[in-house]
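Inspection log for the structure reproduced underneath, given as structure tokens.
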Amino acid sequence: MEDPRRRTPRTDAVLADPRVEAAARRLGRGRTKAVVVDVLDACRRGEVAPEDVVEATLAALPASSASLRPVVNATGVVVHTNLGRAPLSAAAIEALTTAAGPTDVELDLATGRRGARGAAALAALAAAVPGAEGVHVVNNGAAALALVTCALAQGSPAQRSDGPGREVVVARGEMVEIGDGFRIPDLLESVGARLREVGTTNRVRLADYEAAVGEDTAFVLKVHPSNFRVEGFTSSVAVEELAGLGAPLVVDIGSGLLAPHPRLPDEPDAATCLAAGADLVTASGDKLLGGPQCGLLLGRGELVHRLRRHPFARALRVDKLTLAALEATLTGPTPPVAEALARRPEELMARARRLALALGRDAEAVASEGAVGGGGAPGVVLPSAAVALPSRLAEPLRTGATPVVGRVHEGRLLLDLLAVPDDLDELLTEVVRRALADAARQGRTA
Ligand SMILES: *Cc1c(COP(=O)(O)O)cnc(C)c1O
């Protein structure tokens, strides 16, 4: 038999194949060449036939240059931290694709002069919250809080050289860990504030704040405990009452609801907090607002102006992609997060039944319980429906060509439809049908 090493094609010859050349234009020559080299090694070992080298190369090339893959979120958690929080609306995706090229983000095309960066996105935010005199956008919720603290609690440069900055008065029960080990009190201290803790873990009264507020107070901070709930013997102080303390009041609402949401009555929103007397509200853009990752700052005009002009603001500046996606989220059609929150359990059950019917005897439509997730509405149950499947499908569905992430509950895999857009039902049926067929085939050969 002929030695396959002698017939192994040359690297250049494989790279010159029109289909491989096209892939190299899309994925980059370095990455493509590395795959070709691996395939040719396999060819020399006799594992790939010389005439199959091009096919094997094309099969081994990744689908795109970035490794992030689109995933079907069948977890029942609307804002899933590990799945990138809020999925963007089609309008926001289109806006960021447009903004990816050269764009007039800082150019007034009418006059040819420099324009105000992100003016349209900021105007859209201001229009969505008429009670805010000023608005500003930074990289994320933590950056919004850091900027406020830098600008208000760091003190003057002279004070800084003498020691730590001014005090931020905050309730002990609101010293929140956001996730992945990040703690709001640590964040405040890291930019030079001193914390003045008031109350106990479960209770704080207006008198506690009154006793703590003084000359050295930079601001009073109210933080929404967005990912846990304290029940039983508890008390906290409302925004209205804190607003009368005489110190600036900053409210970190977390989730980015701009106005009250009927299904989330306990979730604070920007408009209500400002109307109740907050001087500044900070929030994330990629939680309940349903937009890109960013941090929102809304409130008194003079304060927002100071934040915007602070030197540190430049280090927290958002890019043009974020500005474009945020504007489209605010002005365009209902974003996926709001759509998910509007889905009724009956409608979800009807979808689950249709899917289960199409999938056969291994699938059953069941009622389930969804959640907001991702730092919002802790403890709120969103009644939902799911397709229950054998739990052994969890891994193949998660690792397949179109990854589907569900949750295993009482020994079954639930594909919860709450956060699945309706137009994905057909794709979901197809993917699950294939996984069931593969599992059956493996069952027979095992
Ligand atoms: C999520 C959250 C933050 C942090 O926002 P990021 O956008 O993740 O930086 C801060 N405070 C609260 C109350 C939150 O829920």
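As the structure lists them, so they are numbered: ligands from 1, and atoms in each ligand from 1. All residue numbers in this chain count up from 1 along the given sequence.
- Heavy atoms of E174 come nearer than 4.0 angstrom to ligand 1 in no pair at all.
- Among the atoms of H224, none of the N or O lies under 3.5 angstrom from an N or O of ligand 1.
- By the 3.5 Å distance cut-off applied to N or O atoms, A142 is counted among the residues near ligand 1.
- Among protein heavy atoms, the minimum distance from atom 15 (O) of ligand 1 is reached at S226 OG, 2.5 Å.
- Close approach of ligand 1 to I184 (heavy-atom distance below 4.0 Å) involves ligand atoms 10 (C), 11 (N).
- Applying the 4.0 Å criterion to heavy atoms of G141 picks out, from ligand 1, the atoms 5 (O), 6 (P), 7 (O), 9 (O).
- The nearest heavy-atom contact from the protein to atom 4 (C) of ligand 1 is I178 CD1, 3.6 Å.
- For E106, the CD atom sits in a packed shell: over 12 heavy atoms of surrounding residues, nucleotides or ligands are nearer than 6.0 Å.
- Checked against a 3.5 angstrom limit, the closest N/O atoms of G254 and ligand 1 fall outside it.
- Of all protein heavy atoms, the one lying nearest to atom 8 (O) of ligand 1 is R85 NH2, 2.7 Å.
- Taking 4.0 Å as the cut-off between side-chain N and carboxylate O, R194 and E167 count as a salt-bridged pair.
- Annotation: S284 places an N or O atom under 3.5 Å from an N or O atom of ligand 1; distance criterion only.
- By the side-chain contact (heavy atoms from CB on, under 4.5 Å) test, A212 is found to be paired with V169, R196, V198, residues two or more places apart in sequence or in another chain being considered.
- Within the 4.0 Å heavy-atom cutoff, N227 does not count among the residues contacting ligand 1.
- Looking at heavy atoms from C-beta onward, P336 lies in side-chain contact with S89 at the 4.5 angstrom threshold.
- Counting only heavy atoms of the protein, atom 11 (N) of ligand 1 lies nearest to D252 OD2, 2.5 Å.
- Counting heavy atoms under 4.0 Å from ligand 1, residue V176 does not touch it at all.
- Between L274 and G299 the shortest heavy-atom distance is CD2-CA, 3.8 Å.
- Between R433 and E430 there is a salt bridge, with a side-chain nitrogen of the basic residue lying less than 4.0 Å from a carboxylate oxygen of the acidic one.
- Between D422 and R343, at least one side-chain N (NZ, or NE/NH1/NH2) sits under 4.0 Å from a carboxylate O, which counts as a salt bridge.
- Residue contact annotation: K287 has a non-hydrogen atom under 4.0 Å from ligand 1.
- Classification of E346 and R344 as a salt-bridged pair fails, no side-chain N sitting under 4.0 Å from a carboxylate O.
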Could you list the donor-acceptor pairs under 3.5 angstrom formed by side chains in residues 373-388, with sequence neighbours left out?
residue : atom : partner : partner atom : Å
S384    : OG   : D416    : OD1          : 2.6

